[in-house]
Student: 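Structure in structure tokens, see below.
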Amino acid sequence: MSDVLLPQLLRKARKAAFNHEYEEAEKLYASIILFPEMVDNLDIKMRYAFCAEQIGNIEIALEYYEEVVGIYHQQGEVGAAEALEQIVERLKSSA
């Protein structure tokens, strides 16, 4: 069943985010990230964090952004980590 459901959820989430319907997109990404094959997906984590940030769910945004920062550091993606760390610092200072 998840073989059919996951692609549908991904399409709906991307469409919602594209249309700036961030609340809907955030809910969909919250469901998507629970699928075992999505748990370690950096793109999904970033999309989820971004949508959470857009609707003011700063705790979720920070949680996922910081997790991705750690993964970027582990992978040696220093530039990407530093860029994302700036977003994290901005969110922390505005919260």
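Here the structure is a predicted model, which means the values were calculated and not measured. Both backbone and side-chain heavy atoms feed into the values below; hydrogens, waters and symmetry mates do not.
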Student: Run Arg14 and Arg47 through side-chain contact (heavy atoms from CB on, under 4.5 Å) and show every step you take.
Tutor: CA-CA 9 Å; Arg14 285 189 193 109; Arg47 289 172 186 262; 3.6 Å; yes
Student: Give the intermediate values and the outcome of side-chain contact (heavy atoms from CB on, under 4.5 Å) for residues Leu10 and Ile44.
Tutor: CA-CA 9 Å; Leu10 287 165; Ile44 297 300; 3.5 Å; yes
Student: Running the 4.5 Å side-chain criterion over Ile, Leu, Val, Met, Phe, Trp and Tyr, what cluster does Val68 land in, apart from itself?
Tutor: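 Answer for Val68: Tyr22, Leu42, Met46, Phe50, Ile55, Ile58, Leu62, Tyr65, Val69, Ile71, Tyr72, Leu84, Ile87, Val88, Leu91.
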Student: Looking at NZ of Lys15 and CD of Glu24, how far apart are the two atoms once the value is rounded to the nearest 0.5 Å?
Tutor: 11.0 Å
Student: For a side-chain contact (heavy atoms from CB on, under 4.5 Å) check, start with the C-alpha distance between Asn41 and Phe35, then their side-chain angles and the critical distance, and finish with the verdict.
Tutor: CA-CA 10 Å; Asn41 187 304; Phe35 282 79; over 6 Å; no
Student: What pair of heavy atoms forms the shortest contact from Cys51 to Ala17, and how long is it?
Tutor: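 Nearest pair, atom of Cys51 first, then Ala17: SG-CB, 4.2 Å.
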Student: Arg90 and Glu53: salt bridge (Lys or Arg N to Asp or Glu O under 4.0 Å), yes or no, with the steps?
Tutor: CA-CA 11 Å; Arg90 178 180 49 81; Glu53 176 186 355; 3.0 Å; yes
Student: Does a salt bridge link Glu63 with Lys45, judged by any charged N lying under 4.0 Å from a carboxylate O?
Tutor: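 Between Lys45 and Glu63 there is no salt bridge, as every charged N stays at least 4.0 Å from the carboxylate O atoms.
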Student: What's the separation between atom CD in Glu37 and atom CG in Leu6, rounded to the nearest 0.5 Å?
Tutor: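 Atom-to-atom, Glu37:CD and Leu6:CG are 5.0 Å apart.
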Student: Are His73 and Glu85 linked by a side-chain donor-acceptor pair shorter than 3.5 Å?
Tutor: yes
Student: What residues, two or more places apart in sequence or in another chain, satisfy salt bridge (Lys or Arg N to Asp or Glu O under 4.0 Å) together with Glu66?
Tutor: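 Glu66 satisfies salt bridge (Lys or Arg N to Asp or Glu O under 4.0 Å) with Lys92 once adjacent residues are dropped.
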Student: What are the two closest non-hydrogen atoms of Ala61 and Ala49, and how far apart are they?
Tutor: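 Nearest pair, atom of Ala61 first, then Ala49: CB-O, 3.5 Å.
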Student: Which distance, rounded to the nearest 0.5 Å, do you find between the CD of Gln54 and the NE2 of His20?
Tutor: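 Nearest 0.5 Å value for the CD-NE2 distance: 9.0 Å.
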Student: Any non-hydrogen side-chain atom of Pro7 less than 4.5 Å from a side-chain atom of Arg11?
Tutor: yes
Student: Counting heavy atoms not belonging to Glu23, are there more than 12 under 6.0 Å from its CD?
Tutor: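 Not buried by this count: 12 neighbours or fewer within 6.0 Å.
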Student: In terms of heavy-atom contacts, does CD of Glu67 have more than 12 from other residues, nucleotides or ligands at under 6.0 Å?
Tutor: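 Result for CD/Glu67: enclosed.
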Student: So which heavy atom on Ile32 is nearest to which on Ala13, and how close?
Tutor: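 Looking at all heavy atoms of both residues, the shortest contact is CD1-CB, 3.8 Å.
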Student: Let's go through Tyr29 and Leu9 carefully: what are the C-alpha distance in whole Å and the side-chain angles of both, what is the deciding distance for side-chain contact (heavy atoms from CB on, under 4.5 Å) to 0.1 Å, and is it a yes or a no?
Tutor: CA-CA 8 Å; Tyr29 283 121; Leu9 288 174; over 6 Å; no
